[in-house]
Amino acid sequence: MPTPTPKRVALLGATGSIGTQALDVMRAHPTRFAVAALSAQSNAELLITQAREFRPAVVVIGDETKYETVKTALAQQPETEVLAGAGALAEVAARPDSDIVLTAMVGYAGLLPTVAAIRAGKDIALANKETLVVAGQLITELVREHNVKLLPVDSEHSAIFQCLVGEEQNPIEKIILTASGGPFRGRGRAELATVTKAQALKHPNWDMGAKITIDSASLMNKGLEVIEAKWLFGLRDDQIDVVVHPQSIIHSLVQFEDGSLKAQLGLPDMKLPIQYALGYPERLPSDFPRFNFLAYPQFTFEQPDTTTFRNLALAFEAMRRGGNAPCILNAANEVAVAAFLRDEIGFLEMSDLVESCLTKVSYLATPSLDDYVHTDQETRRVAQTLIGHGTKSR
């Protein structure tokens with residue numbers, strides 16, 4: 001059997017948690033994957049190291065003040081072009097020298113490069129959930145129009161995707177997204193009022209970047225995943241449930257019309273869903289640690305506390321409203337998390353800020369791509385003003 005041609009991967013967000021693990025996967029399968037492009041927002045040092053190892057055709061540093069640093073460091077590597085700025089990301093995502101674009105950037109910044117890649121006919125390995133949160137209807141329409149694959153990388157959505165393989169003719173009754181509950185599971189609002197940044201950054205099961213870790217602690221990450229799932233799997237709002245599963249072994253479940261449930265299980269390790277998306281439809285061999293049932297003799301499940309962790313309820317509300325409401329939710333949350341990490345607001349004030357923005361920012365029922373861009377900008381302005389005035393919605 002002939003060896004397949006390596007799949008050329010454009011990796012956007014190469015220096016973050018998902019990006020570095022994706023490169024681990026590609027190192028383990030050098031005949032299956034080739035790195036066509038790498039990008040980073042500000043970590044020039046690691047980007048340079050990665051570029052020297054993988055020798056891609058192009059690298060992009062988002063922070064334009066670091067362009068000369070990267071350019072100079074790679075001067076002896078003429079096969080690698082160096083670009084800078086947000087506009088370069090969309091350009092690189094659309095280049096013909098890649099087969100699949102892995103969007104591992106965090107936040108709204110992943111939207112426009114993903115749109116450019118889809119319009120260029122690229123398959124997308126989606127680790128940037130905000131793309132579907134902000135503009136789910138637009139993205140899914142583009143995916144159909146350009147006949148590309150949208151392959152989920154989030155562990156929960158990869159689990160759903162894996163459960164649906166071979167079930168194309170069988171309608172989904174509902175899906176159940178599992179949540180670890182984060183580091184503050186079981187705490188009340190009085191306790192959460194005084195939690196610190198250091199406490200919020202200690203996730204019990206997953207090793208993630210700061211933004212996603214804080215989102216997990218506030219349950220906003222699960223809220224964003226709920227909206228992402230709606231668009232990935234073409235679901236109605238009432239077909240999505242969330243259950244807290246502290247062990248993080250069952251990554252999510254699908255219930256079919258006959259009542260049968262299928263689940264995907266595994267240790268908390270993002271390399272598996274990354275490899276599944278990049279290698280799809282094949283399951284490539286791995287040396288990842290294997291799950292041992294005897295090491296986890298008990299699985300437990302709880303209802304999420306949406307009164308204490310209001311972000312999950314706000315996400316469901318934004319999903320039901322539709323239009324640009326999820327875009328508002330996402331932008332407000334990005335500002336809120338950044339402010340919390342700078343010690344400008346407290347833990348509970350993050351959801352206060354998001355709720356306030358959902359009431360103050362202009363609502364649009366049928367937004368265009370330009371409308372999403374303007375909504376994001378307007379929401380950030382409103383959120384920063386509210387922080388400056390110390391305004392809360394409650």
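These values consider heavy atoms only, across backbone and side chains, with no hydrogens, waters or symmetry-generated copies.
- With no hydrogens or angles considered, no side-chain donor-acceptor pair links Asp376 and Thr379 at under 3.5 Å.
- For the pair Asp154 (side chain) and Glu156 (backbone), a donor-acceptor distance under 3.5 Å is absent.
- Judged by distance alone, the side chain of Thr178 and the main-chain N or O of Ile250 form a donor-acceptor pair under 3.5 Å.
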### Task
Show your working on salt bridge (charged side-chain N to carboxylate O under 4.0 Å, His left out) between Lys211 and Glu130 and close with a plain yes or no.
CA-CA 12 Å; Lys211 197 286 187 170; Glu130 291 86 353; 3.5 Å; yes
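- Cluster annotation: Ile48 and Leu46 are assigned to distinct hydrophobic clusters (Ile/Leu/Val/Met/Phe/Trp/Tyr, side-chain heavy-atom contacts under 4.5 Å, transitive).
- We find that Lys230 and Asp237 are joined by a salt bridge, their nearest charged nitrogen and carboxylate oxygen being less than 4.0 Å apart.
- No donor-acceptor contact under 3.5 angstrom links the side chains of His245 and Glu302, judged on distance only.
- Separation of the Tyr296 and Phe291 ring centroids falls under the 6.0 Å cut-off.
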### Query
Which is it for Glu45 and Lys66 under the salt bridge (charged side-chain N to carboxylate O under 4.0 Å, His left out) test, yes or no, and what are the steps along the way?
CA-CA 10 Å; Glu45 183 177 339; Lys66 298 187 177 181; over 6 Å; no
### Task
In sequence, state the C-alpha distance, the side-chain angles, and the governing distance for Glu282 and Arg32, and then conclude on side chain to side chain contact (heavy atoms under 4.5 Å, CB included).
CA-CA 11 Å; Glu282 291 184 71; Arg32 301 304 300 267; 2.5 Å; yes
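- A distance-only check finds no donor-acceptor pair linking the side chain of Thr308 to the backbone of Asp305 [under 3.5 Å].
- Side-chain contact check for Gln162 and Arg283: at least one donor-acceptor pair (N or O, by modelled atom type) lies under 3.5 Å.
- Gln255 places no side-chain N or O within 3.5 Å of a backbone atom of Ile172 that could act as its donor or acceptor partner.
- The minimum heavy-atom distance linking Ile18 with Ala104 is given by the pair CG2-CB, 3.7 Å.
- Nearest heavy-atom pair, Ala93 versus Val101, reported as atom, atom and distance to 0.1 Å: O-CG2, 3.6 Å.
- A distance-only check finds no donor-acceptor pair linking the side chain of Ser356 to the backbone of Leu353 [under 3.5 Å].
- Of all the heavy atoms in Ala179 and Lys222, the pair that sits closest is CB-CE, 3.4 Å.
- Within the 3.5 Å criterion, the main-chain N or O of Ser158 finds no donor-acceptor partner in the side chain of Gln264.
- Remark: Lys174 engages Asp241 in a salt bridge, criterion side-chain N to carboxylate O under 4.0 Å.
- In this structure, CG in Leu112 is found 10.0 Å from CG in Leu89, a value given to the nearest 0.5 Å.
- Just one of Ile240, Val226, Ile160 meets the side-chain contact (heavy atoms from CB on, under 4.5 Å) condition when paired with Leu235; it is Ile240.
- Side chains of Ser368 and Asp370: no donor on one and acceptor on the other come within 3.5 Å.
- A continuous path of ILVMFWY side-chain contacts below 4.5 Å connects Tyr280 to Val25, so both sit in one hydrophobic cluster.
- Between the side chain of Gln239 and the backbone N or O of Arg236 there is at least one donor-acceptor pair closer than 3.5 Å.
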### Task
For salt bridge (charged side-chain N to carboxylate O under 4.0 Å, His left out), just list the numbers for Glu68 and Lys71, CA-CA rounded to whole Å, side-chain angles, deciding distance to a tenth of an Å, and then say yes or no.
CA-CA 5 Å; Glu68 289 298 336; Lys71 178 74 171 175; over 6 Å; no
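- Under the 4.5 Å side-chain contact rule for hydrophobic residues, Ile100 and Leu284 share a cluster.
- Centroid-to-centroid, the aromatic rings of Phe309 and Phe184 stay 6.0 Å apart or farther.
- Judged by distance alone, the side chains of Thr375 and Asn324 do bring a donor and an acceptor atom under 3.5 Å apart.
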For residues 325-344, which side-chain N or O atoms pair as donor and acceptor with protein atoms under 3.5 Å away, sequence neighbours left out?
from, atom 1, to, atom 2, distance (Å)
Asn330, ND2, Glu334, OE2, 3.0
Asn333, ND2, Asp215, OD1, 2.9
Glu334, OE1, Arg380, NH2, 2.7
Glu334, OE2, Tyr108, N, 2.7
Arg342, NE, Glu344, OE2, 2.9
Arg342, NH2, Glu344, OE1, 3.1

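- Between Arg320 and Glu317 there is no salt bridge, since no side-chain N of the basic residue sits under 4.0 Å from a carboxylate O of the acidic one.
- No donor-acceptor distance shorter than 3.5 angstrom exists from the side chain of His157 to the backbone of Ala127, with no hydrogens or angles considered.
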